[in-house]
Amino acid sequence: MMAVEGVVKRFGAHTVLDGVSLTVAPGEVVTILGSSGSGKSTLIRCINGLEALDGGRITVDGLDVSDPRQLARARRLSATVFQMFNLYPHMTVLRNITLAPELVLRRPRDEVEAQAHALLASVGLAGKADSYPGQLSGGQRQRVGICRALAMNPRYLLLDEVTSALDPEMTAEVLAILGKLAARQSGGGGTTMLFVTHEVEFARRISTRIVFLDQGRLIVDLPTDQFFAADGGLAHPRIRQFLSKMAPAAPLAEIPA
Amino acid sequence: MRHAGFTWHDGALLAQGLAVSLGLFAGTFLIGLVLGSGAAVVRHFRVPALGTLLHTGLELLRNSPVLVQLFLVFFGVPALIHQPLTPVFAAGLTLSANTAAFVYFIAVAGLDAVGRDQVEAARAFGLSRVQLVRHILGPQALAFAVAPLVGLAVNQLQVTSLVSVIGVVDLTKAGDILNLRTLRPFAVWAMVGVLYFAAAKTLTLLGNRWERRLRAHAAPLGL
Ligand SMILES: Nc1ncnc2c1ncn2[C@@H]1O[C@H](COP(=O)(O)OP(=O)(O)O)[C@@H](O)[C@H]1O
Ligand SMILES: [Mg+2]
């Protein structure tokens with residue numbers, strides 16, 4: 001269980017997260033919606049320990065991320081996929097994927113490389129293991145980013161607008177992969193996801209719950225069907241306004257249900 | 001005026017001088033590399049007092065002439081500690097510290113040039129600071145730094161010639177001895193110059209090859 005309890009985060013005088021509470025239980029796919037600047041990325045960065053908290057508490061399976069030792073253990077349980085991919089440009093695709101499992105999880109190289117090759121094949125990049133990130137398209141890079149995260153065998157997967165730097169076609173490629181991952185969840189025992197996205201239709205299909213961040217406050221936290229119900233999330237003017245501004249979703253036809 | 005001819009012995013003297021120059025260069029450059037990049041890493045992780053202290057000290061070293069530093073160490077320090085220093089020791093100390101100062105500023109720029117986003121990715125994936133330096137920051141900073149480092153190396157090789165003034169028998173001092181004996185300054189200094197050139201050119205070629213290897217991941221622009 002990931003538990004965010006009354007988290008406050010400020011940058012100077014600007015309060016970016018203002019008492020945010022949220023839990024993600026194993027097996028859930030929770031989507032965070034909210035307009036640009038509402039604090040979604042900051043929340044993800046607080047969970048993976050890239051930002052220090054100014055108040056409240058975050059635990060991952062009971063490990064407090066504000067404590068350096070516990071954070072180091074918490075980071076072995078979760079993995080992040082970044083908006084701008086954040087791959088290591090001086091390493092091959094294969095090494096990008098195997099680095100942390102080898103160094104952090106101390107798994108044997110043979111085993112990690114075999115898994116990396118299998119992951120790459122599963123996202124259609126079997127031939128790219130020895131390429132460098134600079135030689136790949138954005139969509140391919142993000143698929144590598146997903147493989148890098150999955151190679152950690154994470155209990156929790158954090159995804160921050162992983163398709164917003166991609167064109168619609170590449171977005172569809174990446175969403176297709178995430179759709180499959182999410183579908184695998186329903187069987188249980190797989191990766192739990194906390195998912196920041198602007199792909200509302202996609203979120204509606206794969207999420208168990210949707211939360212809405214507005215200017216650093218989490219104003220709604222509802223099961224997906226209730227979020228889109230007229231007397232649920234849509235009852236909030238801010239959410240209605242947000243949804244009406246969202247562009248029609250990416251070519252959904254290409255995304256497996 | 002009678003000229004003494006060149007003998008085999010002169011060749012041996014030059015070779016010995018060259019070996020001293022190269023040895024002094026290699027030793028002090030290596031020490032300078034380690035110290036300078038170590039200080040840069042300390043600075044990069046914003047270690048409070050230590051970072052500022054190192055920065056100030058190294059800035060002083062970078063902004064004063066090597067010859068002055070050499071005199072300070074060779075003549076000044078013994079007056080302070082009431083104990084003479086050997087020329088080679090004083091030369092080694094001065095050149096190491098001076099190289100460290102230049103390496104430090106190159107390494108700081110190299111570390112700053114590594115993209116923040118991938119550093120954050122590595123941290124989020126649980127890499128420790130040491131692992132981060134070894135696998136992410138170090139190799140990339142080195143790729144940025146290698147060209148200026150090669151330039152620095154060529155310069156520091158030539159700077160070693162200053163140690164001849166405190167009595168180290170390096171290539172320049174060997175040339176000096178030879179010149180006094182043979183009284184053929186043009187031939188002697190041309191020979192010494194060619195030897196320095198050959199050493200510097202070799203360094204540049206090795207450095208360029210090394211740079212190409214480090215930058216293998218950055219595909220050349222297909223213009
Ligand atoms: N490092 C930072 N320093 C100062 N302000 C920041 C920093 N990171 C984010 N912010 C501010 O925090 C607010 C929330 O940003 P962010 O979490 O990126 O929003 P979102 O991901 O929802 O678009 C924005 O106003 C942004 O300008
Ligand atoms: Mg964001």
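Residue numbers start from 1 in every chain, and the chains themselves are labelled A, B, ... in the order their sequence lines are given, proteins ahead of strands.
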Review point. Is there any residue in residues 58-75 of chain B with a non-hydrogen atom under 4.5 Å from a non-hydrogen atom of chain A, and which ones are they?
Key: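 From residues 58-75 of chain B, none sit under 4.5 Å of chain A.
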Check your understanding: Checking A/Phe82 against chain B: side chain, backbone, both or neither under 4.5 Å from a heavy atom?
Key -> side chain
Review point. Which bit of A/Leu50 is near chain B, if near means a heavy-atom gap under 4.5 Å: side chain, backbone, both or neither?
Key: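 Contact with chain B is through the side chain of A/Leu50 alone.
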Review point. Is there a donor-acceptor pair closer than 3.5 Å between any side-chain N or O of A/His90 and the backbone N or O of B/His135?
Key: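 Side chain of A/His90 to backbone of B/His135: a pair is present.
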Check your understanding: Under 3.5 Å, is there a donor-acceptor pair between the side chain of A/Asn86 and the main chain of B/Asp117?
Key -> yes
Check your understanding: Taking atom CZ of B/Phe45 as the centre, does the number of heavy atoms from other residues, nucleotides or ligands within less than 6.0 Å exceed 12?
Key ->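 Yes, enclosed.
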Revision key, fill the gap. Heaviest contributor of heavy-atom pairs below 4.5 Å to chain B, chosen from A/Leu103, A/Thr92, A/Leu99, is A/Leu103
Check your understanding: Of all heavy-atom pairs between A/Ala79 and B/Phe125, which one has the smallest distance, and what is that distance?
Key ->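 That closest heavy-atom pairing would be CB-CE2, 4.2 Å.
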Point to revise | Approximate separation, where rounding is to 0.5 Å, of A/Asn48 CG and B/Arg123 CZ | key: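 Separation between the atoms: 11.5 Å.
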Check your understanding: Which of residues 51-76 of chain A get closer than 4.5 angstrom to chain B, counting heavy atoms alone?
Key -> A/Arg75
Exercise for review: Answer with side chain, backbone, both or neither: which region of B/Gln131 has an atom nearer than 4.5 Å to a non-hydrogen atom of chain A?
Suggested key: side chain
**Study point:** Option that, when pairs with chain A are counted at under 4.5 Å, heavy atom only, ranks first among B/Ala143, B/Ala122, B/Pro139
**Key:** B/Ala122
Review point. Taking the side chain as C-beta and beyond, is there a heavy-atom pair between B/Ile136 and A/Met91 under 4.5 Å?
Key: yes
